[in-house]
Amino acid sequence: MDRASGPGEGPAQDTLQSLNQRLRVQEEEMELVKAALAEALRLLRLQGTPTSLQGYGTLAPMRDSSPAAPPGLPPTCSLSLVSRGTQTETEVEMEPSPEPPCLSNGPPASQGGSEEPSGTQSEGGGSSSSGAGSPGPPGILRPVQPPQRTETPRRNSSSSSSPSERPRQKLSRKAASSANLLLRSGSTESRGGGKDPLSSPGGPGSRRSNYNLEGISVKMFLRGRPITMYIPSGIRSLEELPSGPPPETLSLDWVYGYRGRDSRSNLFVLRSGEVVYFIACVVVLYRPGGGPGGPGGGGQRHYRGHTDCVRCLAVHPDGVRVASGQTAGVDKDGKPLQPVVHIWDSETLLKLQEIGLGAFERGVGALAFSAVDQGAFLCVVDDSNEHMLSVWDCSRGMKLAEIKSTNDSVLAVGFSPRDSSCIVTSGKSHVHFWNWSGGAGVPGNGTLARKQGVFGKYKKPKFIPCFVFLPDGDILTGDSEGNILTWGRSLSDARTPGRGGAKETYGIVAQAHAHEGSIFALCLRRDGTVLSGGGRDRRLVQWGPGLVALQEAEIPEHFGAVRAIAEGLGSELLVGTTKNALLRGDLAQGFSPVIQGHTDELWGLCTHPSQNRFLTCGHDRQLCLWDGEAHALAWSIDLKETGLCADFHPSGAVVAVGLNTGRWLVLDTETREIVSDVTDGNEQLSVVRYSPDGLYLAIGSHDNMIYIYSVSSDGAKSSRFGRCVGHSSFITHLDWSKDGNFIMSNSGDYEILYWDVAGGCKLLRNRYESRDREWATYTCVLGFHVYGVWPDGSDGTDINSLCRSHNERVVAVADDFCKVHLFQYPCARAKAPSRMYGGHGSHVTSVRFTHDDSYLVSLGGKDASIFQWRVLGAGGAGQSPATPSRTPSLSPASSLDV
């Protein structure tokens, strides 16, 4: 045993001797530092100047220099770790020192056989004692605990250590403490990827924050990764920062877009003349302005009672009540949101009845009110595999009958206007005629009997998307072959009476070829004529008795095919298209758009520097400039590629657009001409940003680099100035400093880096020196001023976009749970409360304030919606009171669901 252990004792002894020598050298250096500090204190007292150093502890010098201590350090602190769920905070409690401050070489003396662990905090990294690295922050003044206080035991220390081990443990701890005092390898600017846990970062997916022991930084964890943010010198305590939700509120002013791409039964005209349609989770009531075919200029109201995307609408025979059905979804905690039908008053926007909560699967696909009995009943078809057909009592919200309809898609449903016992459904390869009998007013006692439509000698179409009842009782169906079939009434065979006795049935009595391609919409006009809307040929045709064509018009190609038709006042028609546009006009004068929108996922958004205009782009390859005052599309062009980001030049004369191929374009906002076309790498671009003086353009790419270009005064010409290289993942956000010389950037692995652009695109290793820098914009989602917006348990992808208002009072946040939040700025307190606003039906990808902060614009992702919110000050006109959220909000403490 002696021979086995002997060889290992030599290296151990050498190591201990080396550590002893290093300790002696370091202690001598510390004596010099303490002497210098004592002399500085003496001189300050002689001058009679109040010193901010009293109550502080040991100065930890740099290796080669002794810069001044960081300002804003608190007095002697009592530190306590408080655990709250997944988040652990180190609360700093201010208290006066019970005795004059003393200087200490390292941590306080051990009392009770254990020591407080000591280590130099590196920004984004951990405490380290050796190795070369980036320069750390200026000397750190450590608060010294009073001698009589018992130190917190080390987590892994034991008072029962053997006597032979205690000297070695004590020597090792002393060596580590002295080495940490010298900050020998303290890369306080390690790029978020280093390890510097003040406490255990927790498991993946947790978001934690705590104060640095020195009181000069805050640390949070995303997916177990530490992110250190330095506190500006002007903030002595986080308790000084504003708390509570901001006094400003948001009111939904306008919704751009219409869901015509993939939905039906989505366009009606109310008795008031308002046009009702839906997009995302919002049902829009649009009041047209101007004459037929003229410009818009009307107003909007919004029903926002749904918690997920609306899929279908039905208007009551009284022209006031509306039924809207939503799809199934999940909330932020993964709990299912069940499909449901809302019946609501279009005049007051109040919900009258909730139909079928828990009764439908996947979503509500089609709705229809009965007509002959003043709309007493509602027929609903859900999106389950069997497409359950059910009949409900509208006033009591009770289900009267239910049956499995078919395994094929059901696209339309309707009551006969002459007999509520007759219900028709159509969809993939079928037309079904249903007889509803018995059990009226008795829940669940009614029966539904099906009679399948027989095509006989006529070709059976693949889809029957629409049908309409004629005044004489016949039914017209439009199919995917472009034919209009007339189904006539005939007495059923008495030998097969069915459940409800002998009833009339329907058979095909006539066929007319109306369109090339599918027929998407049929509409019965007040004069008895019928309108049909074609898909492939985009024609709108008016038919007289006997299906004689009377008049027609063609919808321009860039608006897409006809999706829905509604008859407005007089001869006016409203047409919804498959490219999410709403057109207004008539067959004689043609049609013009009153509502337009994108057709695919949106990501790019920027606001004009001096006008209430904003620009959007997305996966539909369209670049659109919107007029926020007129609520209209100013112009749009086809980019030929997916646009992901954009930014206006400070002059507003040009706009830069980043694409998914590494190309970026500069366009003249007046002529729409491309004045510059450049490619940087072959990865997608995620952010483009002009400096506030317009002299530089920064391009953030998924190749982990930021490309910097010098820009001419008019913004039309640019030349490569340099590259910022240092991120270890793709660039997500960046901002310029107010002087236009520096950049702050975030990346996909949660780094916060700072760059000296004017000095040659150099990475600033010491992030501590950037703590007081002022930023022209604040869109980076990681930073001290905004770290409070992150929810508990965040996985780092929960916040997609962030924007500080120009007056620097509030910050808007777009999250991954379909919500827009409004926080006070700065938002540097954990669990910061917010005002929360719903309406989007998909992840919110971007938010931006307009130039004067009068509006906030938000983009929906998959729902392709654009919301324009009016920003109201405290007590502003039209402010709606905030109500507590029904579901846990992203800011768990006290978010307000508005």
Side-chain angles (χ1 to χ4, degrees), residues 263 265-266 278 280-283 303-314 316 321-345 349-370 375-407 409-413 415 423 425 427 434 436 438-448 817-819 838-842 863 883-889 897:
S263 66
S265 301
N266 56 13
F278 59 82
C281 304
V282 177
V283 183
Y303 176 74
R304 297 170 54 199
H306 287 282
T307 57
D308 215 296
C309 288
V310 181
R311 293 301 308 274
C312 54
L313 286 178
H316 194 273
R321 282 175 282 179
V322 178
S324 50
Q326 75 174 49
T327 188
V330 293
D331 63 12
K332 80 178 192 68
D333 298 318
K335 297 179 181 179
L337 297 174
Q338 296 176 324
V340 70
V341 175
H342 288 185
I343 299 178
W344 46 279
D345 190 313
L349 299 181
L350 295 177
K351 182 171 63 177
L352 305 176
Q353 191 66 258
E354 194 171 74
I355 300 288
L357 183 64
F360 308 127
E361 293 184 21
R362 296 183 183 170
V364 179
L367 292 170
F369 279 104
S370 60
F377 306 108
L378 181 71
C379 186
V380 183
V381 180
D382 72 6
D383 286 333
S384 64
N385 290 337
E386 297 83 11
H387 296 93
M388 300 299 294
L389 172 67
S390 55
V391 180
W392 299 77
D393 186 315
C394 295
S395 60
R396 293 182 292 175
M398 292 190 309
K399 182 165 58 178
L400 304 178
E402 184 179 39
I403 193 172
K404 297 178 181 179
S405 63
T406 176
N407 288 332
S409 300
V410 177
L411 304 178
V413 64
F415 282 94
I423 301 172
T425 60
W434 300 87
W436 172 41
V442 181
N445 287 345
T447 60
L448 287 161
F817 309 104
C818 315
K819 297 295 189 291
H840 286 288
S842 177
D863 63 24
T883 56
S885 172
R886 292 184 180 178
T887 57
S889 79
D897 188 4

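None of the values given here were measured: they were computed from a predicted structure.
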Is the shortest heavy-atom distance from the side chain of [X] to the side chain of [Y] under 4.5 Å?
{"X": "Leu313", "Y": "Ser265", "answer": "no"}
{"X": "Val391", "Y": "Ile423", "answer": "yes"}
{"X": "Glu386", "Y": "Asn407", "answer": "yes"}
{"X": "Val364", "Y": "Asp382", "answer": "no"}
{"X": "His387", "Y": "Lys404", "answer": "no"}

How many angstroms lie between [atom1] in [X] and [atom2] in [Y], if you round to the nearest 0.5 Å?
{"X": "Ser390", "Y": "Leu400", "atom1": "OG", "atom2": "CG", "value": "9.5 Å"}
{"X": "Leu352", "Y": "His316", "atom1": "CG", "atom2": "NE2", "value": "10.0 Å"}
{"X": "Leu357", "Y": "His342", "atom1": "CG", "atom2": "NE2", "value": "8.0 Å"}
{"X": "Thr447", "Y": "Ile403", "atom1": "OG1", "atom2": "CD1", "value": "8.5 Å"}
{"X": "Glu354", "Y": "Ile343", "atom1": "CD", "atom2": "CD1", "value": "10.5 Å"}
{"X": "Ile355", "Y": "Asp393", "atom1": "CD1", "atom2": "CG", "value": "8.0 Å"}

Mind listing the closest non-hydrogen atom pair of [X] and [Y] along with its distance?
{"X": "Val413", "Y": "Cys379", "value": "CG2-SG, 3.6 Å"}
{"X": "Phe369", "Y": "Cys394", "value": "CE2-SG, 3.7 Å"}
{"X": "Cys281", "Y": "His306", "value": "O-CB, 3.7 Å"}
{"X": "Gln353", "Y": "Arg396", "value": "NE2-C, 3.9 Å"}
{"X": "Ser263", "Y": "Arg311", "value": "CB-O, 4.1 Å"}
{"X": "Ala280", "Y": "Gly841", "value": "CB-N, 3.6 Å"}

Test side chain to side chain contact (heavy atoms under 4.5 Å, CB included) on Val341 and Trp392; report intermediate values, then the result. CA-CA 11 Å; Val341 175; Trp392 299 77; over 6 Å; no
With side chain to side chain contact (heavy atoms under 4.5 Å, CB included) as the criterion, how do Val340 and Gln326 come out once you've worked through the C-alpha distance, each side chain's angles and the decisive distance to 0.1 Å? CA-CA 6 Å; Val340 70; Gln326 75 174 49; 3.9 Å; yes
Glu361 atom CD, neighbour heavy-atom count above 12 within 6.0 Å: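 No.
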Does Cys309 offer a backbone N or O that forms a donor-acceptor pair with the side chain of Thr327 under 3.5 Å?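 Checking the backbone N and O of Cys309 against the side chain of Thr327, no donor-acceptor pair under 3.5 Å is found.
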Below 30° counts as parallel, above 60° as perpendicular, anything between as tilted: where do the rings of Trp344 and Tyr303 land?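 Geometry flag for Tyr303 against Trp344: parallel rings.
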Given the rule in the side chain to side chain contact (heavy atoms under 4.5 Å, CB included) test, do Lys819 and His840 qualify, once you have shown the distances and angles that lead to the verdict? CA-CA 7 Å; Lys819 297 295 189 291; His840 286 288; over 6 Å; no
